[in-house]
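For reference, the structure is listed below as structure tokens.
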Amino acid sequence: MMTVPEFQRHKPDGKKLIVVTAYDALFTRIVEQAGIEAILVGDSLGVVVQGKQDTLAVTMEQMLYHTKLVAGAAQRSLVIADMPFLSYQASIEEAVRNAGRFLKVGAAAVKLEGGTAVLGRVEAMTRFGIPVMGHLGMTPQSVHRYGGYKVQGKQKDQAEALIEDAKALEAAGAFSIVLEAIPAQLAKTVTEALTIPTIGIGAGPHCDGQVLVLYDLLGLFDDFTPKFVKPYAHLKADALQALRRYKEEVEQGKFPSDSESYH
Ligand code: KIV
């Protein structure tokens with residue numbers, strides 16, 4: 001079973017950390033069979049599972065349900081649960097309470113978005129034994145502030161603020177930080193400035209690890225494909241082909257055949 005301290009040891013050991021999202025038991029088992037040992041139950045499920053434009057409508061109850069499915073199936077993975085919008089913003093007390101609920105259903109850690117604004121939350125959670133992963137750069141829950149999913153940290157002042165946020169998150173106790181959609185050079189600077197691992201998504205090759213949304217990397221979701229997504233399979237195309245063949249064969253009386261029938 002991958003633990004938080006083991007996850008962190010990858011950085012000094014120089015071993016890349018591989019993280020993918022999963023939202024159910026079936027894919028959790030496939031991810032583990034592939035030897036991937038860190039799973040993020042991302043609030044990206046709002047987009048790829050629920051079909052919304054962004055992640056903002058995802059609720060605590062929905063995240064708890066999916067975390068329970070993943071944690072119930074995981075045998076080796078570090079399961080990290082994403083805290084949805086408005087589950088940690090209002091107060092430190094509410095943030096700690098909600099974070100704890102994820103551990104009660106089997107997650108080993110939580111992730112939340114933001115820098116300076118969430119330091120008190122990160123500190124309190126860590127103090128009470130809840131490992132926290134930070135998330136900086138293009139943080140999807142702030143999509144309306146950014147005016148869309150845009151690369152962050154391109155300007156000097158933005159980049160400097162992000163480096164300070166990363167250092168502050170580490171000092172507050174975060175065990176790792178996701179860096180999303182920022183220039184590769186900035187991600188390198190942040191990665192070198194921290195003792196905790198950085199996990200990149202659209203942040204270039206210099207991070208200590210990488211994360212991708214599972215349905216993006218499998219080529220299942222193609223409504224919107226950011227530059228940083230590489231589809232390693234084309235499961236949507238395969239699914240379409242299979243479904244069209246099934247329809248055709250039923251229409252033509254080829255399915256079910258004798259071998260699919262009981263006698
Ligand atoms: O929600 C999510 O899946 C994420 C990853 C893309 C980092 O936050």
Side-chain angles (χ1 to χ4, degrees), residues 19-32 34 36 38-74 77 79-89 98 101-102 105-107 110-114 133 135 137-152 178 180-181 199-203 210-247:
V19 186
V20 292
T21 68
Y23 317 104
D24 61 26
L26 177 76
F27 274 118
T28 296
R29 288 196 284 264
I30 295 174
V31 166
E32 287 201 336
I36 292 171
I39 296 177
L40 172 68
V41 187
D43 65 353
S44 50
L45 68 84
V47 178
V48 297
V49 175
Q50 298 177 342
K52 305 268 168 52
Q53 291 292 311
D54 52 51
T55 60
L56 298 176
V58 177
T59 65
M60 267 302 291
E61 299 315 313
Q62 291 163 354
M63 288 305 300
L64 286 168
Y65 171 74
H66 287 279
T67 303
K68 216 188 249 186
L69 298 184
V70 171
S77 309
V79 177
I80 305 156
D82 220 356
M83 297 199 67
F85 180 60
L86 236 50
S87 69
Y88 58 93
Q89 284 87 346
N98 280 328
R101 292 179 75 195
F102 284 111
V105 297
V110 297
K111 177 173 82 59
L112 47 75
E113 299 181 6
M133 177 178 254
H135 188 160
M138 205 294 296
T139 44
Q141 292 175 14
S142 301
V143 61
H144 292 307
R145 180 152 57 83
Y146 302 140
Y149 295 108
K150 297 178 179 159
V151 179
Q152 300 297 307
V178 168
E180 179 161 353
I199 307 297
I201 174 162
Q210 296 291 327
V211 59
L212 276 178
V213 169
L214 184 65
Y215 295 5
D216 286 341
L217 92 85
L218 295 179
L220 260 175
F221 181 84
D222 63 1
D223 294 7
F224 167 73
T225 310
K227 173 186 164 79
F228 57 75
V229 167
K230 179 171 176 182
Y232 284 87
H234 300 282
L235 296 197
K236 180 178 172 184
D238 289 350
L240 277 173
Q241 198 184 26
L243 289 163
R244 284 179 184 137
R245 271 192 59 207
Y246 165 63
K247 178 175 179 281

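Residues take their numbers from the sequence shown, with the count starting at 1.
- Side-chain contact between Tyr149 and Val143: present, with at least one pair of heavy atoms (C-beta onward) separated by less than 4.5 Å.
- A pairwise comparison of heavy atoms in Ala73 and Glu32 identifies O-OE1, 4.2 Å as the closest pair.
- With hydrogens and angles ignored, the 3.5 Å screen pairs a side-chain donor or acceptor of Gln152 with a backbone N or O of Lys150.
- For the pair Ile39/Phe27, no side-chain contact is recorded, criterion being any heavy-atom separation below 4.5 Å from C-beta on.
- Side chain of Asn98 to main chain of Ser87: a donor-acceptor pair is present (N/O by atom type, distance under 3.5 Å, no hydrogens or angles).
- At least one donor-acceptor pair under 3.5 Å links the side chain of Gln89 to the backbone N or O of Leu86.
- The heavy-atom pair separating Thr67 from Ala81 by the smallest distance is OG1-CB, 3.7 Å.
- In this structure, a donor-acceptor pair under 3.5 Å is absent between the side chains of Tyr215 and Thr21.
- When atom types are taken as modelled, the side chain of Tyr88 and the backbone of Glu113 share a donor-acceptor pair closer than 3.5 angstrom.
- Side-chain atoms of Thr28 and Leu69, non-hydrogen and from C-beta on, never get closer than 4.5 Å to each other.
- Put simply, the side chain of Tyr146 reaches to within 4.5 Å of the side chain of Thr139, judged on heavy atoms.
- Taking the six-membered ring where tryptophan is involved, the planes of His66 and Tyr23 are perpendicular, since the angle between them exceeds 60° and thus also 30°.
- Considering only heavy atoms from C-beta on, Val47 comes within 4.5 Å of Phe221 through its side chain.
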